[in-house]
There are 2 protein chains.
Amino acid sequence: MEKHSIGRYIASIYRYQSILINKQFEQYGIGCGQHTILINIALNPGINQKDLSERVKIDRANTHRAIKKLEALGYIHTDRDEDDKQIIRSCLTEKGEKLMPSIKSGLHDITEIMIKNFEDPEREEITNLLQKIEENVQKYVKSLRDDS
Amino acid sequence: MEKHSIGRYIASIYRYQSILINKQFEQYGIGCGQHTILINIALNPGINQKDLSERVKIDRANTHRAIKKLEALGYIHTDRDEDDKQIIRSCLTEKGEKLMPSIKSGLHDITEIMIKNFEDPEREEITNLLQKIEENVQKYVKSLRDDS
DNA sequence: CTAAATTAATTGCTATCGCAACTAATTATA
DNA sequence: TATAATTAGTTGCGATAGCAATTAATTTAG
C-alpha cells in the first residue's frame with residue numbers, strides 16, 4: 001500500500017461521487033452543491049444559513065448560493081426572523097417536500113454503489129473511521145483559524 | 001449513524017483536506033490541483049498526459065492545466081515524443097527534484113493529522129476500505145460512460 | 001495510397017468551493 | 001444613550017473540476 005494514499009482515495013472518490021450526484025439529480029435542476037443543503041433544510045425546518053453551514057461543514061458563501069438556487073427552483077422558501085432581522089430561515093415548499101423521497105432514494109443508490117460487496121461489519125467500520133477522520137481534520141483546521 | 005453519511009463524510013473530508021494542502025504548499029505556488037500531478041510525474045518520469053489522467057483519476061483538461069502551471073513554475077519540463085508527436089512527456093526539473101522531499105513530508109503530515117489516534121489495524125483498514133470504494137465507484141462511472 | 005477513424009492534447013464553458021471584503025442588524029460597553 | 005464590537009448574510013475573486021468541442025498527429029480501411 002502506497003503512502004499518502006488516504007488523501008488520494010478521498011479526492012478521487014469525491015470526484016466520482018460528484019459526477020454520480022450530478023447525474024442523479026440533473027433532472028431536478030439540482031447539483032452536488034445543493035443536495036446536502038436541501039436535505040439539511042428538510043431535517044431542520046427553519047434553520048438559518050450559519051447553522052446550515054456548520055452542519056454541512058461548508059463555507060457560508062456557498063450555503064448562501066445553494067439556498068438562492070434552491071429557492072429559485074421553488075424547492076424552498078425563506079423568511080426573515082421576526083425577532084432578529086439578521087437571520088433568514090429556510091423551509092421546504094410543497095414542491096420540495098414532494099422531491100425529498102427521490103433525493104433520499106437517489107442518495108441511497110449512490111451509497112450502495114460505493115459500498116457494493118461490503119460485508120455488514122465493513123459498512124459499520126467505514127462510517128466510523130470516516131467520522132473519526134472528519135473530526136480530526138475539522139478540529140485541526142479550526143485550530144488553525146483560531147490562531148489567526 | 002445516519003444514512004447516506006459516507007458520502008457526506010467523503011465530501012467534508014475532501015474540502016478540509018484541500019484547505020490543508022493549499023496551506024501546506026502555498027509557499028511553493030502549488031495548490032491542491034497540482035501536487036498529485038507533480039508526485040505522479042516524479043514516480044513516472046516521462047509520463048504523458050493521458051496516462052497521468054488515468055493514474056490520478058482526473059479529467060484530461062485538468063491534467064493539462066496542472067502541467068501548464070507546474071511547468072510555468074519551473075518544477076517540470078515537457079518534451080514531445082520523437083516517435084509519436086501527439087504525445088507530450090513530462091519530467092521533473094532539478095528545481096522539481098529539490099522540492100519533492102518537502103511535498104512528501106507535507107503530505108505525510110496531513111495524513112497524520114487525518115488519522116491521528118488511529119490504531120495500526122485501523123490505519124490498515126481505512127486504506128483498504130477506501131480503495132474498495134474507489135474501485136466500486138470508478139467501475140460504475142466507467143460503465144455509464146461506455147453505455148453512451 | 002488516400003480517406004476515414006482514432007488518439008492526445010488543448011480550449012471554452014459552467015459549476016463548486018474557500019477566502020476576504022462588505023453591508024445591515026444586533027449586542028456590548030463606556 | 002451613543003459608539004464600538006459582533007453577528008448574519010452577501011458579493012467578488014481566483015482556484016479546481018468535468019464535459020464537450022476543436023486541433024493536430026497517427027492509424028486503419030477501402
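The sequence lines fix the lettering, A, B, ..., with proteins before strands; numbering per chain opens at 1.
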Asks: Can you list the residues that meet the salt bridge (Lys or Arg N to Asp or Glu O under 4.0 Å) rule with A:K57, with sequence neighbours excluded?
Replies: none
Asks: Rounded to the nearest 0.5 Å, how far apart are CG of B:L129 and CD of A:E125?
Replies: 7.0 Å
Asks: Check the phosphate of C:dT10 against B:H64, side-chain N and O only, distance under 4.0 Å to OP1 or OP2. Yes or no?
Replies: yes
Asks: Please collect all salt bridge (charged side-chain N to carboxylate O under 4.0 Å, His left out) contacts where either partner lies in residues 36-52 of chain A, sequence neighbours excluded, each pair once.
Replies: A:K50-A:E54
Asks: Could I get the full list of salt bridge (Lys or Arg N to Asp or Glu O under 4.0 Å) partners for B:R89, not counting sequence neighbours?
Replies: B:D81
Asks: Please, which pairs that meet side-chain hydrogen bond (donor to acceptor under 3.5 Å, both in side chains) have at least one residue in residues 62-73 of chain A, sequence neighbours excluded?
Replies: A:Q49-A:H64, A:S53-A:T63, A:N62-A:R65, A:E71-A:T78
Asks: Who passes side chain to side chain donor-acceptor pair (under 3.5 Å) against B:N22, sequence neighbours left out?
Replies: none
Asks: With A:R123, which residues qualify under salt bridge (Lys or Arg N to Asp or Glu O under 4.0 Å), at least two apart?
Replies: A:E112
Asks: Give me the first and last nucleotide of DNA chain D, going 5' to 3', that has any atom under 4.0 Å from a heavy atom of chain B.
Replies: D:dT16 to D:dT26
Asks: Please list every donor-acceptor pair under 3.5 Å in which a side-chain atom of residues 36-45 of chain A meets a protein atom from a residue at least two apart or in another chain.
Replies:
from  : atom 1 : to    : atom 2 : distance (Å)
A:N40 : ND2    : A:T36 : O      : 3.0
A:N44 : OD1    : A:R55 : NH2    : 3.4
A:N44 : ND2    : A:N40 : O      : 2.9

Asks: Mark up nucleotides 13-21 of chain C, 5' to 3', with B wherever a protein heavy atom is under 4.0 angstrom from a base atom, S wherever such an atom reaches only the sugar-phosphate, and - elsewhere.
Replies: B--SBBB--
Asks: What residues form a side chain to side chain donor-acceptor pair (under 3.5 Å) with B:E134, not counting sequence neighbours?
Replies: A:S12
Asks: Tell me, for nucleotides 22-29 of chain C in 5' to 3' order, what letter each nucleotide earns: B for a base near a protein heavy atom under 4.0 Å, S for only sugar-phosphate near one, - for neither?
Replies: --BBS---
Asks: Can you give me every donor-acceptor pair (side chain of residues 92-99 of chain B, partner residue at least two apart or in another chain, under 3.5 Å) with its distance?
Replies:
from  : atom 1 : to    : atom 2 : distance (Å)
B:T93 : OG1    : B:G74 : O      : 2.6
B:T93 : OG1    : B:Y75 : O      : 3.1
B:T93 : OG1    : B:K95 : N      : 3.4
B:T93 : OG1    : B:G96 : N      : 3.1
B:K95 : NZ     : B:L73 : O      : 2.6

